[in-house]
Amino acid sequence: MSSNLGITSRSENYSEWYNELVLKADLADYSAVRGCMVIKPHGYGLWELMQRALDDMFKATGHVNAYFPLFIPKSFFEKEAEHVEGFAKECAVVTHHRLKPNPAGGLMPDPEAKLSEELIVRPTSETIIWNTYKDWIQSYRDLPLLINQWANVVRWELRTRLFLRTAEFLWQEGHTAHATFEEAETEALTILNECYTKFAEEYMAVPVIKGVKSEGEKFAGADHTYCIEAMTQDLRAIQAGTSHHLGQNFAKAFGVQFVNKENQLEYVYATSWGVSTRLIGTLIMAHSDDKGFVSPPKLSPIQVVFVPMGRDEATRERTVGASTTISDELKKAGIRVKTDLREKESPGFKYNYWEMRGIPIRVEVGPRDLDAGTVIVARRDTGDKETVALADAAGRIQTLLDQIQKDMFDRALEFRNANTKRVDTWEEFEQTFAGEGGAGFVLAHWDGTTETENVIAEMTKATIRCIPLTPLEPSDAEPGTCILTGKPSKCRVIFAKAY
RNA sequence: CGGGAUGUGGCUCAGCUUGGUAGAGCGCUGCGUUCGGGACGCAGAGGUCGAAGGUUCGAAUCCUUUCAUCCCGACCA
């Protein structure tokens, strides 16, 4: 950090900018545990709002919450070959259940307390859940089973980054069981459309592209994987959510069968889907600026902050009083407000302080404005300030919150569109991704093989983010020839460098 | 798991080459003056120099070992 004021600018060093922002906006901190972060109250407040909105959507689409164990017997993992391969490299394993004094000092695992079967700290819960579902499902009348859980998971990442990739993270994972392939398909798409896309666009104000993952990028153990992909300000792609159609893979691995209406035994069809605290990283990368975090109003733990001015008691009484009048009215309307009553800090300090933390609206309440019967209302996203009559303030602020939410989405969409292009020659494709940083979304033709995908990734660092469910432009759905091999291609797919 | 760097008050770092009373700025506490875009003065508190060995009369400084973190690459939500 070059100074204790402000943060590195995005243009100077995007990666530094992100790291400093997370710390200085009070969202999270490094912990004493390697690869694990502390989510601070401001960051956790954001997560709570995300949870609430998503949970409401899950409930509205017929799901219920439950909780499954943190520990999973190793043997469960061994039952689904593709799945094991996907996660084996990054699992934390519990081997003992007791400590004893170490002769060399300190403590050591008691060799006599070795577990007969090692336990894996869940990297995801498909296996323990399907082992449980086996006992819950006998008849078609038990289906569909629509369960979600809010939990922490552990993936032993070698290289971590606050929110984007940590060894432990918080998420939700939905696990559903269905009688038919079509029903499971509908479920996977319902989550994608009615929950994840809606959440990203309406709450996070982040436009996303819905698509299917290529064979190489799909979830280990899935039949196919749907995803939503967002664009960061440094022109990379970031996956904001995934919804998997697991087919009968896990049902077969765990022997989950049901009797259908014709009294025949059948394997159930499954889905699983999740979003994580990574969404906070996505939010930062999509909207924030060189002054710090910029939060969309719907997810900001504090939506409006009041800064009353004046030092002498009489002035303070006036400015705090006026703040209270407005904030009380806002509270009644369900707006989350805060009045900064700290006496030692100057108003200027407070402006910067709350801007760093991304609070959408600041209300400056000073004696000169009060003399004129007004206050100043400042927007975090644009920096615009306006003078508003006291009587109109609460109403104006509510309107502005909606406006900010909308404007943030519109700007992000415009940015994404401006950085999405179609490329038809390998020369141009290679050149586009030649630099160090991201290059936006590139729609290009691909022959559909994993081999080609891998060659392209090796040569350019760009990967297939998804095959869009609906073409961004009608012509994207027309057949063409692969950018690398010249073989036939069904449609354009999205290439980008990814987080 | 490879390559690089760094560990010294809460934070950012100086001191180490050339061993000899542990420093600065920010933050923190108190008092006073300030308050419309990161205020100032004065007085304070706070550190087994990442850990363990070793060399030495004497180690933050030299040697050995170790641990941790960060950055850059391969894997991942």
Chemist: On a whole-Å scale, what distance lies between the P atoms belonging to B/rA60 and B/rG23?
Modeler: 13 Å

Chemist: Taking atom C1' in both B/rG10 and B/rC28, what distance in whole Å separates the two?
Modeler: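 Straight-line distance between the two C1' atoms is 8 Å.
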
Chemist: When you compare B/rC57 with B/rC67, how far apart are their P atoms, in angstrom units rounded to a whole number?
Modeler: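 The answer is 32 Å between these two P atoms.
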
Chemist: Now, which nucleotide makes the Watson-Crick or G-U wobble pair with B/rC62, with each of the two distances under 3.5 Å?
Modeler: B/rG54

Chemist: Could you identify which residues of residues 362-392 of chain A place a heavy atom less than 4.0 Å from some atom of RNA chain B, listed by residue number, or say none?
Modeler: A/R362, A/G366, A/P367, A/R368, A/D369, A/I376, A/K385

Chemist: Looking at A/E317, I'd like to know if its CD atom is crowded, meaning that more than 12 non-hydrogen atoms belonging to other residues, nucleotides or ligands lie closer than 6.0 Å.
Modeler: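 Atom CD in A/E317 is not packed in, count stays at 12 or less.
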
Chemist: From NZ of A/K344 over to P of B/rA39, roughly how many Å is that when rounded to an integer?
Modeler: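 Nearest whole value for this atom pair: 10 Å.
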
Chemist: Quick one: label A/F87 by what it contacts on the DNA or RNA (base, sugar-phosphate, nothing), any heavy atom closer than 4.0 Å.
Modeler: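 Nothing: the residue A/F87, judged by heavy atoms under 4.0 Å, touches no strand.
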
Chemist: Between B/rA14 and B/rA24, how far is it from one C1' atom to the other, in whole Å?
Modeler: 7 Å

Chemist: Between B/rC49 and B/rC13, how far apart are the two C1' atoms, rounded to whole Å?
Modeler: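 My reading of the C1' atoms in B/rC49 and B/rC13 gives 13 Å.
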
Chemist: For A/E355, which contact category applies under a 4.0 Å heavy-atom criterion: base, sugar-phosphate, or nothing?
Modeler: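 If one applies the 4.0 Å heavy-atom cut-off, A/E355 turns out to touch a base.
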
Chemist: Say you pick atom C1' in B/rG19 and the same atom in B/rG58; how far apart are they, in whole Å?
Modeler: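 The same atom, C1', in both gives a distance of 8 Å.
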
Chemist: Within the supplied structure, the quantity of interest is the number of heavy atoms (other residues, nucleotides, ligands) at a distance under 6.0 Å from A/K59 NZ; does it exceed 12?
Modeler: yes

Chemist: So, using salt bridge (charged side-chain N to carboxylate O under 4.0 Å, His left out) as the criterion, who are the partners of A/D392 when residues are at least two apart?
Modeler: none

Chemist: I'd like the C1' distance from B/rG27 over to B/rU12, given in whole Å.
Modeler: 11 Å

Chemist: Using a cut-off of strictly less than 4.0 Å between a heavy atom of the residue and any atom of RNA chain B, enumerate the qualifying residues of residues 287-300 of chain A by number.
Modeler: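 Close to the strand, none.
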
Chemist: Less than 4.5 Å apart, any side-chain heavy atom of A/T232 and any of A/Y14?
Modeler: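 Touching, per the 4.5 Å side-chain cut-off.
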
Chemist: Counting distance alone, no hydrogens or angles: does the base of B/rC76 have a donor or acceptor under 3.5 Å from a partner atom on the side chain of A/R165?
Modeler: yes

Chemist: Could you tell me if the side chain of A/F306 sits less than 4.5 Å from the side chain of A/V375, heavy atoms only?
Modeler: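 They are not in side-chain contact.
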
Chemist: Nearest whole Å is fine: how far is B/rC70 P from A/L164 CG?
Modeler: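 That distance rounds to 14 Å.
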
Chemist: When rounded to the nearest 0.5 angstrom, what is the spacing between CD1 in A/I284 and CG in A/D289?
Modeler: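 Separation between the atoms: 12.0 Å.
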
Chemist: Using a heavy-atom cut-off of under 4.0 Å over every strand shown, decide if A/T319 touches base, sugar-phosphate, or nothing.
Modeler: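 Touches nothing.
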
Chemist: Within the supplied structure, the quantity of interest is the number of heavy atoms (other residues, nucleotides, ligands) at a distance under 6.0 Å from A/E48 CD; does it exceed 12?
Modeler: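 Yes.
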
Chemist: Can you check the distance between B/rU6 and B/rA52, where both ends of the measurement are the P atom (answer in whole Å)?
Modeler: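 Rounded to whole Å, the distance is 22 Å.
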
